[in-house]
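Note that these values count all heavy atoms, side chains included, but never hydrogens, waters or copies made by symmetry. Given the structure is predicted, the values throughout are model-derived calculations rather than measurements.
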Amino acid sequence: MFRTSLIDTERGQFELFKKGKGPPLAFTHLYSEFNEKGRIMSQDLSEHYTVHVINLRGAGRSVDQTDEYTYSMDDAIHDLEAIRESLRFDEWTFSGYSTGGFLALKYAVMCPGSLTKIIAGGLCASYEYMEHPSTIYCKDSPSNQRMKEIFAELRKPETPREERIVLSKEWIMMSLYRKDAYYELLNRKESGRCPKSITSHRCLKTMMSVKNGRKHRSKLISIVADMMHNACMSSVRKQQI
């Protein structure tokens, strides 16, 4: 288990989970809430580093957004820097996957002097990967049209919850290199990414005003799908300009 703590910084208070021995390493992911179990990747890293799993702004018991500090990726980097300074580390390693991997690249660009290295996965350096037909986000991919259809259905408020679950699974399966990995992911139990980590993240809650839990979750899936769709379409438009 990771040891839980709250740390005060000049940009607010943040929730951290610490485990391991060795040089300091920060681990996080945008739009997710962690707990004392850490994450599978952070557990492995704790064998080589003193890992600090961080709930970013709006997640867990960490500070919410303010008029001055937002949920943007730039502000997330500045928050990480404030945490590093409060922990009195001259530098540390940063690790993340998916949106955490994007953060790793941005952190390296914005604050190279604060990092010894980055350990990142599940990311890309630019939107150019969307030009390769092997990705479902490329218009030449045979799966691209179906992906857009899935997004369209997920965006509809009237789409039943049961159908959303089926569509979400189909979307995930389209993204996996090994289809059987989907079931491996479902069976992994030692993970501290909270089951409702996205719904519990306040930065996404600010986008909706649905009080019923089930409706809340369905509406959230629509919003996330819409965000992903808009991001993809924005990147496609950039390629066409």
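- With a 4.5 Å cut-off on side-chain heavy atoms, Phe17 and Phe27 do not count as touching.
- You'll find the ring centres of His52 and Phe14 outside the 6.0 Å limit.
- A heavy-atom distance below 4.5 Å is not found between the side chains of Lys169 and Ile165.
- Using a 4.5 Å cut-off on side-chain heavy atoms (C-beta onward), Tyr71 and Leu30 make no contact.
- In this structure, CZ in Arg146 is found 13.0 Å from OG in Ser141, a value given to the nearest 0.5 Å.
- Under the 4.5 Å side-chain criterion, counting only non-hydrogen atoms from C-beta, Arg11 is not in contact with Val63.
- A donor-acceptor pair is defined here as one N or O able to donate and one able to accept, closer than 3.5 Å; such a pair exists between the side chain of Ser42 and the backbone of Arg39.
- A donor-acceptor pair is defined here as one N or O able to donate and one able to accept, closer than 3.5 Å; no such pair exists between the side chain of Asp8 and the backbone of Gln13.
- By the 6.0 Å contact criterion, NZ on Lys179 is enclosed, its count of non-hydrogen atoms from other residues, nucleotides or ligands being greater than 12.
- Remark: side-chain polar atoms of Asn144 are paired, donor with acceptor, to backbone N or O of Ile136 under 3.5 angstrom.
- When atom types are taken as modelled, the side chain of Arg164 and the backbone of Leu154 share a donor-acceptor pair closer than 3.5 angstrom.
- Of all non-hydrogen atoms in Glu33 and Ala59, the two that sit nearest each other are CA-CB, 4.2 Å.
- Here CD of Glu10 is found 10.0 Å from CG of Asp79. Values are rounded to the nearest 0.5 Å.
- The backbone N or O of Asp90 sits less than 3.5 Å from a side-chain atom of Arg84, completing a donor-acceptor pair.
- Ser62 contributes a side-chain N or O that, together with a main-chain N or O of Glu15, makes up a donor-acceptor pair within less than 3.5 Å.
- With sequence neighbours excluded, the residues satisfying side chain to side chain contact (heavy atoms under 4.5 Å, CB included) with Thr93 are Leu25, Tyr49, Thr116, Lys117, Ile119.
- Between the side chain of Gln43 and the backbone N or O of Lys37 there is at least one donor-acceptor pair closer than 3.5 Å.
- Not one N or O on the side chain of Ser46 forms a donor-acceptor pair closer than 3.5 Å with the backbone of Lys19.
- Of the inter-residue distances, the one linking Arg61 atom CZ with Asn35 atom CG reads 11.5 Å to the nearest 0.5 angstrom.
- At a threshold of 4.5 Å between non-hydrogen side-chain atoms, the residues Lys18 and Thr50 count as touching.
- Applying the side chain to side chain contact (heavy atoms under 4.5 Å, CB included) test to Asp74 and every residue at least two apart in sequence or in another chain returns Ser72, Lys106, Met110.
- By the side chain to side chain contact (heavy atoms under 4.5 Å, CB included) test, Asp140 is found to be paired with Pro133, Cys138, residues two or more places apart in sequence or in another chain being considered.
- Looking at Thr159, its side chain does come within 3.5 Å of a backbone N or O of Glu153 through a donor-acceptor pair.
- Looking only at side-chain heavy atoms (C-beta outward), Thr28 and Phe94 come within less than 4.5 Å of each other.
- Looking at Pro24 and Leu87, their side chains never come closer than 4.5 Å, going by heavy atoms from C-beta outward.
- Put simply, CE on Met174 and OG1 on Thr135 are 9.5 Å apart, with the number rounded to the nearest 0.5 Å.
- Note that the OG1 atom of Thr70 and the CZ atom of Arg57 stand 8.0 Å from one another [nearest 0.5 Å].
- When all heavy atoms of Ile77 and Cys111 are compared, the closest pair comes out as CG2-SG, 4.0 Å.
- Hydrophobic clustering (ILVMFWY, side-chain heavy atoms < 4.5 Å, transitive): Leu80 and Tyr69 are in distinct clusters.
- Contact annotation: the side chain of Leu56 approaches that of Leu103 to within less than 4.5 Å [non-hydrogen atoms, C-beta and beyond].
- In this structure, CE in Met147 is found 9.0 Å from CD in Gln145, a value given to the nearest 0.5 Å.
- Between His29 and Phe34, the ring planes lie perpendicular to each other; the angle is over 60°, past the 30° to 60° tilted range.
- The hydrophobic clustering, which links ILVMFWY residues whose side-chain heavy atoms are closer than 4.5 Å, places Met73 and Ile54 together.
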